[in-house]
Amino acid sequence: MTTSNPESKDAANTPAESAPRPSNFIRDIVIEDLKTKKFGDAVIQTRFPPEPNGYLHIGHAKAICLDFNLADEFGGKTNLRFDDTNPEKEEQEYVDSIQNDVRWLGFEWERLCYASDYFDQLYAWAVQLIKAGKAYVDDLTAEEIRQYRGTLTEPGQDSPYRNRSVEENLDLFERMRKGEFPDGSRVLRAKIDMASPNLNMRDPVMYRILHAEHHRTGDKWCIYPMYDYAHGQSDSLEQITHSMCTLEFADHQPLYKWFIEQLGIFPSQQIEFDRLNLTYTLLSKRKLLQLVREKHVSGWDDPRMPTISGIRRRGFTAEGIRNFCAAIGASRTNGSTDIEMLEHFQREDLNKRVSRAMVVMRPLKVVIDNYPEGLQELVEVANNPEDPNAGYRQVPFSREIYIEQDDFREVPPPKYYRLSPGKEVRLRNAYFVTATSVVKDAQGQVVEVHCTYDPASYGGNSPDGRKVKSTIHWVCAKHAIAAEIRLYDKLFTKADPSQLEEGENFTSNLNPNSLEILLDAKLEPMLGLAKAGDRYQFERIGYFCVDPDTMPGNLVFNRTLPLKDSWAKIEKKAGA
RNA sequence: UGGGCGGUAGACUAAUGGUAGGUCAAGUGCCUUUGGAGCACUUCGUCCAGGUUCGAAUCCUGGCCGCCCAGCCA
């Protein structure tokens with residue numbers, strides 16, 4: 001997997017201030033809290049709390065934008081905190097990638113924190129709860145605990161170890177910490193209510209024994225706090241005023257409050273919002289990890305992955321992602337956002353900022369019979385018609401050029417305006433040409449088209465005001481350069497990839513055509529200078545960027561997104 | 001089934017008792033040296049039934065539908 005971050009110094013990574021700030025219910029709560037001085041004169045403090053057990057994805061981007069923008073809008077700060085309470089799943093590689101991704105998205109945290117920074121404090125608080133008779137060591141096995149927990153409709157039963165003395169609990173917990181007991185043999189539990197209708201309150205586990213090396217604390221600990229015991233207190237220690245998380249944690253709030261109240265410490269306000277779901281996309285770290293491990297993709301940063309590193313490598317811009325997050329907002333309704341929405345904000349951003357280039361993906365040779373042999377001209381081309389400041393470049397032109405196979409039809413269907421025998425089109429920025437004849441191979445495929453050109457139409461305008469129906473792109477055969485072009489498509493074939501038939505798992509919905517590699521493309525010579533991370537619009541084709549796999553002599557482009565194609569729509573409609 | 005949380009066009013989201021608005025998608029037209037971009041227009045909506053009110057997407061009651069919770073994961 002590549003760790004390069006082609007865009008870190010790129011203009012596409014503008015600061016986050018420009019992000020729109022639409023209204024949402026969380027913002028309303030903050031405004032209200034400020035008005036009523038719920039947190040006194042304290043400034044708004046938020047945090048983004050990922051577990052370093054995988055790479056960040058577009059769903060995390062939504063949370064990041066919410067956390068950082070909200071604090072920023074009201075003059076507050078945001079911490080980046082790693083919820084690293086499970087050493088068996090967490091790794092430094094993930095810690096590093098997460099920091100890289102948050103920065104790339106355009107955000108800078110106030111403090112870098114780790115739940116593991118609080119292990120000593122959390123342990124001291126656990127002792128305090130034991131002394132107060134609010135926590136106990138349980139010897140039940142995991143299976144027994146599950147059975148004692150009851151069900152959704154039936155209350156649980158008290159563990160036989162629930163009423164141990166404070167002294168015994170203190171002794172046992174101390175010995176758990178010292179490593180006297182094997183993994184899984186005992187846990188520390190909060191003594192709350194085994195009959196609570198909220199399962200989280202049925203004496204939840206606070207600590208488990210795990211003789212595992214932690215990526216930060218090494219072998220200092222062999223007991224680790226559960227997320228539920230660590231999260232609220234971590235927020236409290238950082239004086240987080242507004243603690244945003246996803247909907248599934250709503251049921252945990254009473255538990256967090258219970259710990260905070262028992263301990264008498266600063267109460268943060270938790271606000272839950274809906275997770276992002278995107279059509280044709282899976283946003284589950286577990287499943288994304290499976291795609292990586294089973295090599296359905298090349299890595300976490302495979303350009304088909306919805307990870308930040310994947311879509312970055314694909315060529316997406318941070319600003320486009322931020323604009324998308326602003327547009328989808330936040331609420332408490334679970335739904336699924338159309339992937340087109342994400343793509344729209346990428347196209348919008350890329351259209352403004354990237355230079356155009358001419359590239360022929362599937363070449364068809366064109367010979368201009370009345371163009372002088374040996375003559376070579378340069379035509380002047382705008383780098384970006386949307387942006388006059390982007391300047392101009394010279395592109396070589398001569399008698400033999402390549403055009404797109406799709407741009408010629410021997411027998412044009414209705415409404416097909418491109419080149420066909422007897423028809424005149426404009427070669428972008430160059431000349432008007434009219435097709436005169438074709439050369440076919442043994443199979444009857446057109447392998448070469450002959451044309452004549454109008455020398456008076458240099459630059460693409462005819463002095464007599466004659467119009468053509470279409471403009472096509474081209475690349476001069478003599479100067480064309482080669483590249484590997486990777487065309488990416490959706491990773492899944494179903495809008496809801498988790499929708500399965502009998503006996504399938506989600507990998508059954510993988511799109512077998514999500515990657516197509518083109519090796520015959522012809523590129524205008526200027527692209528030979530492109531460096532990893534550079535973005536272009538290949539005119540009439542789509543947005544592309546240079547992949548970090550690029551080596552001297554082997555240019556590699558990723559297709560970020562195709563341009564919208566209204567001809568494809570017409571064709572589809574005609575075919576249907 | 002106990003508990004929690006939700007239901008505004010095909011999708012996402014505003015309207016905080018007073019004109020149901022925006023974005024995406026879809027469609028039509030204009031324009032165009034990218035069938036791109038842009039511009040204009042159009043289609044389509046408050047889950048249902050009652051109630052309160054001059055007035056309800058909003059408040060109340062009762063349904064219906066959906067999501068989450070029975071890890072020593074987060």
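A note on names: the letters A, B, ... follow the listed sequences, proteins ahead of strands, and every chain is numbered from 1.
- A/Y148 and A/D203 form no side-chain donor-acceptor contact under 3.5 Å, judged by distance and modelled atom types alone.
- Residue whose closest nucleotide on RNA chain B sits further toward the 5' end, between A/G460 and A/V205: A/G460.
- Distance, A/N200 CG to B/C72 C1': 15 Å, rounded to whole Å.
- Contact annotation for A/I145: base contact, defined as any heavy-atom pair under 4.0 Å involving a base atom.
- Across the P atoms, B/C39 and B/G22 are found 14 Å apart, a figure rounded to whole Å.
- The aromatic rings of A/Y431 and A/F397 sit tilted, their planes meeting at an angle between 30° and 60°.
- Proximity of A/H473 to the phosphate of B/U34: no side-chain N or O atom is located under 4.0 Å from OP1 or OP2.
- Across all strands shown, A/T279 has no heavy atoms under 4.0 Å from either base or sugar-phosphate atoms.
- Within 4.0 Å (heavy atoms only), A/H252 reaches at least one base atom of the nucleic acid.
- Base orientation of B/G10: anti, the glycosidic angle falling outside 90° of 0.
- The closest side-chain donor-acceptor pair between A/H473 and A/R428, if any, does not fall under 3.5 angstrom.
- Between A/T85 and B/A74 there is a side-chain N or O to OP1 or OP2 distance below 4.0 Å.
- In this structure, A/L247 reaches neither bases nor backbone, as no heavy-atom distance under 4.0 Å exists between it and the strands shown.
- Contacts of A/R418 with the nucleic acid, taken as non-hydrogen atoms under 4.0 Å apart, include base atoms.
- Across the C1' atoms, B/A14 and B/G2 are found 35 Å apart, a figure rounded to whole Å.
- When heavy atoms are screened at a 4.0 angstrom cut-off, A/E386 is found touching base atoms of the nucleic acid.
- Contact annotation: A/S331 does not reach the phosphate of B/C12 (side-chain N/O to OP1 or OP2, under 4.0 Å).
- With a cut-off of 3.5 Å on both Watson-Crick or G-U wobble distances, the partner of B/G50 is given as B/C60.
- For A/T153, no side-chain nitrogen or oxygen approaches OP1 or OP2 of B/G3 to under 4.0 Å.
- Comparing the same atom, P, in B/G55 and in B/U13 gives a spacing of 32 Å after rounding to whole Å.
- Residue-level contact check: A/A382 touches neither bases nor backbone, having no heavy atom under 4.0 Å from any strand.
- At the heavy-atom level, A/E88 lies nowhere under 4.0 Å from the strands shown.
- Under the 6.0 Å distance and 45° angle rule, A/R208 does not count as a cation-pi partner of A/Y224.
- Taking only side-chain nitrogens and oxygens, A/K573 comes nearer than 4.0 Å to OP1 or OP2 of B/U28.
- The nucleotide B/C44 finds no pairing partner, because no Watson-Crick or G-U wobble arrangement with both distances shorter than 3.5 Å includes it.
- Going from the P atom of B/G6 to that of B/G45 covers 26 Å, rounded to whole Å.
- A/K352 has no side-chain polar atom (N or O) that falls below the 4.0 Å cut-off from OP1 or OP2 of B/A37.
- Here the side chains of A/Y543 and A/R535 are not in contact, with every heavy-atom distance at 4.5 Å or above.
- Scanning atom types as modelled, no donor and acceptor separated by under 3.5 angstrom connect the side chain of A/N198 and the base of B/G2.
- Taking the charged nitrogens against the carboxylate oxygens, A/E238 and A/R81 do have a contact shorter than 4.0 Å, which makes a salt bridge.
- Nucleotides B/A15 and B/C54 are separated by 26 Å at their P atoms, to the nearest Å.
- Applying the 3.5 Å distance criterion, the base of B/G3 shares a donor-acceptor pair with the side chain of A/D251.
- Using a 4.0 Å heavy-atom criterion, one finds that A/S196 contacts no nucleic acid atom at all.
- When the C1' atom is compared between B/C47 and B/A9, the two are found 14 Å apart, to the nearest whole Å.
- Taking the P atoms as reference points, B/U58 lies 12 Å from B/G17, given to the whole Å.
- Heavy atoms of A/D183 sit nowhere under 4.0 angstrom from any nucleic acid atom.
- Residue A/R186 places no side-chain N or O under 4.0 Å from the OP1 or OP2 atom of B/C72.
- Among the nucleotides B/G2, B/G35, B/C12, the one closest to any side-chain atom of A/L152 is B/G2.
- For B/A70, neither phosphate oxygen OP1 nor OP2 lies less than 4.0 angstrom from any side-chain nitrogen or oxygen of A/R146.
- With B/C72, B/C69, B/A14 as the choices, the nucleotide that has an atom nearest any side-chain atom of A/R208 turns out to be B/C72.
- Stacking of A/R186 on the aromatic ring of A/F181 is recorded, both the 6.0 Å distance cut-off and the 45° axial limit being met.
- Residue A/N334 is in sugar-phosphate contact alone, with no base atom involved, counting any heavy-atom pair closer than 4.0 Å across all strands shown.
- With a cut-off of 3.5 Å on both Watson-Crick or G-U wobble distances, the partner of B/U32 is given as none.
- Proximity of A/R149 to the phosphate of B/G71: a side-chain N or O atom is located under 4.0 Å from OP1 or OP2.
- Under the 30°/60° scheme for interplanar angles, the aromatic rings of A/W567 and A/Y416 are found to stand perpendicular.
- The side chain of A/M226 lies closest to B/G71 when the candidates are B/G35, B/G71, B/G6.
- At the heavy-atom level, A/I541 lies nowhere under 4.0 Å from the strands shown.
- Not one side-chain nitrogen or oxygen of A/K467 sits closer than 4.0 Å to the OP1 or OP2 atom of B/U32.
- Using bins of under 30°, 30° to 60° and over 60° for the plane-to-plane angle, the ring pair A/H231/A/Y256 lands in the tilted bin.
- Base engagement by A/Y416 is indicated by at least one non-hydrogen atom pair under 4.0 Å involving a base atom.
- Checking B/A15 for Watson-Crick or G-U wobble geometry (two distances, each under 3.5 Å) identifies no partner in any strand.
- Within the 4.0 Å cut-off from OP1 or OP2 of B/C73, not a single side-chain nitrogen or oxygen of A/K285 is found.
- Looking at heavy-atom distances under 4.0 Å, A/T471 makes contact with sugar-phosphate atoms alone, never a base.
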